[in-house]
2 protein chains.
Amino acid sequence: MVTIKEVAQKTGFSTATVSMVLNNSRLARNMSQETRSHIKRIARELGYTPNHFARSLRSMRSRAIGVIARDITDPYCAQIFRGIESFIRRRGYVPILTDTQCDGGQFEHLIEILLERRVDGLITLGSSLSLDTTVLEGFVRGRVPAVMIGRECNSQTISTIAVDNESGARLGIEHLIALGHRNIAFIKGPKDLTDATRRWSGVCSLAQETRLALDRNLIIQLSEPASTCEGGYRATQALLARKRLFTAIMAFDDMTACGAIRALSAAGLGVPGDCSVIGFDDVALAASYNPTLSTIRQPLEKMGFIGAEILLKLIKTPLAKQASRPVLRSVKPALVIRESTASPGNPTGKPRRGVFDKG
Amino acid sequence: MVTIKEVAQKTGFSTATVSMVLNNSRLARNMSQETRSHIKRIARELGYTPNHFARSLRSMRSRAIGVIARDITDPYCAQIFRGIESFIRRRGYVPILTDTQCDGGQFEHLIEILLERRVDGLITLGSSLSLDTTVLEGFVRGRVPAVMIGRECNSQTISTIAVDNESGARLGIEHLIALGHRNIAFIKGPKDLTDATRRWSGVCSLAQETRLALDRNLIIQLSEPASTCEGGYRATQALLARKRLFTAIMAFDDMTACGAIRALSAAGLGVPGDCSVIGFDDVALAASYNPTLSTIRQPLEKMGFIGAEILLKLIKTPLAKQASRPVLRSVKPALVIRESTASPGNPTGKPRRGVFDKG
DNA sequence: TTGTAAGCGTTATCAG
DNA sequence: CTGATAACGCTTACAA
């Protein structure tokens with residue numbers, strides 16, 4: 001492996017000069033053009049590659065970002081990650097990605113591993129509780145900047161990027177109402193998930209404003225701690241068992257919505273013919289589902305961008321004069337209309353039925 | 001940040017001694033038990049963390065693995081990645097993950113970035129051509145060991161883990177035949193994808209052995225270069241337009257199969273009532289689809305394990321005495337039966353129809 | 001405009 | 001059994 005020393009020898013200059021030239025440093029500005037191009041040429045000819053180890057040792061910065069995903073096989077995390085990766089790569093950083101595999105117990109351990117590697121900053125992905133805010137706060141206090149993406153929480157030290165869940169939920173119902181639905185069932189998300197709470201307040205506030213009646217018999221709570229297709233399936237079965245009329249379901253998220261669709265199909269009900277279904281997130285699945293799923297899109301990749309941008313800014317800011325309050329950024333969701341929602345009228349040519357309509 | 005020097009001072013020993021103790025090195029074996037525990041205790045009390053930069057500089061190893069995914073938002077890649085990550089973590093390695101975003105042009109660049117970071121080994125994920133074998137070969141020659149996961153290819157230098165596509169395809173048809181299907185349509189994968197070729201030879205060999213007639217009118221080729229839901233949709237529409245009888249579709253992979261199901265549904269045909277559909281891969285989507293998808297499972301996480309294991313072994317082997325031939329490992333696929341396949345008989349109580357059956 | 005030299009924190013090789 | 005000491009390759013004051 002060719003070192004800076006060899007380049008220095010071949011060019012006749014000192015290693016200091018070579019280093020400055022190769023880094024386009026301040027001091028290199030006023031060196032003869034000749035010197036600079038000569039050194040650069042020789043370096044290229046020799047195939048010189050700076051040694052990252054030495055560089056990091058000197059500068060005490062790794063130019064690596066530690067990422068902790070709640071579940072990297074979840075497209076939700078993967079898409080945010082993509083945003084992060086492509087953003088930081090352009091700035092000369094690289095991501096070290098670790099995965100809790102939905103096991104909250106791993107979280108501390110992963111932080112330790114990453115801090116040991118001296119990452120310049122930390123990002124967590126995924127809204128689950130398995131990424132504990134207080135744990136993170138304790139660890140990074142005064143060490144490295146950290147950003148949480150995909151989770152609304154009011155930390156005093158950690159910056160946060162999350163979708164505006166409340167307006168997302170409102171978008172969803174507004175869409176259903178506009179289609180003519182009045183009997184809307186709700187599958188609420190896991191109790192102790194901030195996102196679930198926020199979405200539900202969105203629903204409630206909109207219902208109040210529009211005088212939409214919320215039938216408590218049409219509200220059901222996911223029993224699982226996490227959101228799965230299976231959970232949506234069971235919740236919908238339970239809903240059907242109540243034998244109340246509804247023409248639409250608003251699910252906590254896309255996975256839940258898919259489960260709901262399956263349960264409706266299994267019960268011989270068509271989507272959207274007999275019942276509309278809307279999800280939340282717009283994970284890749286949504287666009288391929290059968291039927292394709294109307295949903296509220298979180299701009300996942302963009303959230304990755306923003307998170308990475310904030311983190312890199314924090315990294316550049318000297319610790320001393322960082323704002324004492326963290327950045328809490330919320331991004332706007334968007335309605336995506338696909339096949340799974342339609343008017344309760346007669347969208348597919350079949351007679352209007354609704355679910356358990358008397359007709 | 002507390003260094004080894006401070007530990008040395010506090011304990012009264014030299015840095016050398018401390019280093020040896022803390023690494024449980026050979027020489028530390030025959031040091032007094034007292035010394036060792038004392039040093040360790042003080043180190044812990046001081047909160048000493050070894051500096052990875054210095055360590056790497058010294059040892060010239062990063063204990064980091066470079067991973068290049070064709071598309072990390074594709075659950076196929078993500079699941080393999082999970083296998084890799086959890087395997088190497090247990091051995092003290094960490095993954096630096098980069099993503100071509102399906103852009104083959106990025107591949108070289110990503111390799112360069114990772115090599116610059118002095119990763120100890122390289123793994124590529126995903127079967128696409130956007131991961132070019134020859135490019136990889138050229139780059140890593142004599143530099144770092146490399147393993148490709150998810151792509152069958154006969155490289156002379158790069159080790160490979162891939163599913164046995166041929167027997168996978170055979171499993172699929174055997175299942176359909178066992179169910180009673182004789183008129184089977186095939187959606188072949190992208191022409192220049194090894195996996196597609198292999199799967200097709202599996203189909204052909206089994207057809208020959210079982211005297212199953214392959215109707216060329218029931219064979220269609222994906223037009224897209226990559227596999228998407230959309231591609232499966234269009235292929236199936238084209239198939240339907242031919243107005244030939246078939247009672248089952250064997251799709252190139254899960255995404256294609258989902259597209260096929262959508263097209264069938266759109267045409268008013270039920271799955272599996274009117275037509276069975278089987279996929280390949282068993283990505284997460286398959287288990288949640290409507291209907292849930294019968295498919296051939298690739299043991300993705302396990303492939304990640306195996307790939308990582310081979311890579312770490314290569315890393316430990318001194319370059320001089322590495323086997324000249326790379327490891328080419330093939331893993332067994334498994335049939336996963338879900339809802340999308342059933343006998344052409346009368347599985348759902350509806351009259352038997354088949355697609356374009358005269359009845 | 002360029003060179004010298006002092007580290008950065010570890011680890012390995014000696015010598016004792 | 002333990003201690004000095006010399007690298008590892010690079011950056012950056014400071015000197016010239």
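Values reported hereafter were calculated over all heavy atoms of this structure, with side chains retained and with hydrogens, waters and symmetry mates removed. The chains referred to below are lettered A, B, ... by the order of the sequence lines, with proteins before strands, and numbering in each begins at 1.
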inquiry  = Using OP1 and OP2 only, check whether a side-chain N or O of A:T3 sits under 4.0 Å from D:dG9.
reply    = no
*Quick one: do A:E6 and A:K10 make a salt bridge, cutoff under 4.0 Å?*
no
- [ ] Could you check whether B:F53 gets within reach of a base, just the sugar-phosphate, or nothing at all, counting any heavy atom under 4.0 Å?
- [x] nothing
Polar side chain donor-acceptor pair, A:R70 to A:Q101, under 3.5 angstrom | no
**Item:** A:T35 vs C:dT2: side-chain N/O to OP1/OP2 distance below 4.0 Å
**Value:** yes
Worksheet item: Reckon A:N51 has a side-chain N or O less than 4.0 Å from the OP1 or OP2 of D:dC8?
Response: no
Contact class for A:M1 (heavy atom, under 4.0 Å): base, sugar-phosphate, or nothing? nothing
ask   = A:S32 near the nucleic acid: base, sugar-phosphate alone, or nothing, with a heavy-atom cut-off under 4.0 Å?
value = sugar-phosphate
Looking only at C:dT11, D:dC10, D:dC8, the nucleotide nearest the B:L57 side chain is D:dC8
Using only modelled atom types and a 3.5 angstrom limit, is any donor from either the side chain of B:R58 or the base of C:dT11 paired with an acceptor on the other? yes
For D:dT2 and B:T17 - does any side-chain N or O of the residue sit under 4.0 Å from the phosphate oxygens OP1/OP2? no
message = Does this structure show an ion pair linking A:R89 with A:E85, if we count only N-O contacts that are shorter than 4.0 Å?
response = yes
- prompt: Within a reach of under 6.0 Å around CZ of B:R90, are more than 12 heavy atoms found that belong to other residues, nucleotides or ligands?
  reply: yes
To the nearest angstrom, the CD1-P distance between A:I39 and C:dT2 comes to 8 Å
How is A:T11 classified with respect to the nucleic acid when contacts are heavy atoms under 4.0 Å: base, sugar-phosphate, or nothing? nothing
Q: Compare side-chain N and O positions of B:R55 against OP1 and OP2 of C:dT11 and report whether any pair is under 4.0 Å apart.
A: yes
(Q) Does a side-chain N or O of A:S19 approach OP1 or OP2 of D:dT11 to a distance below 4.0 Å, or not? (A) yes
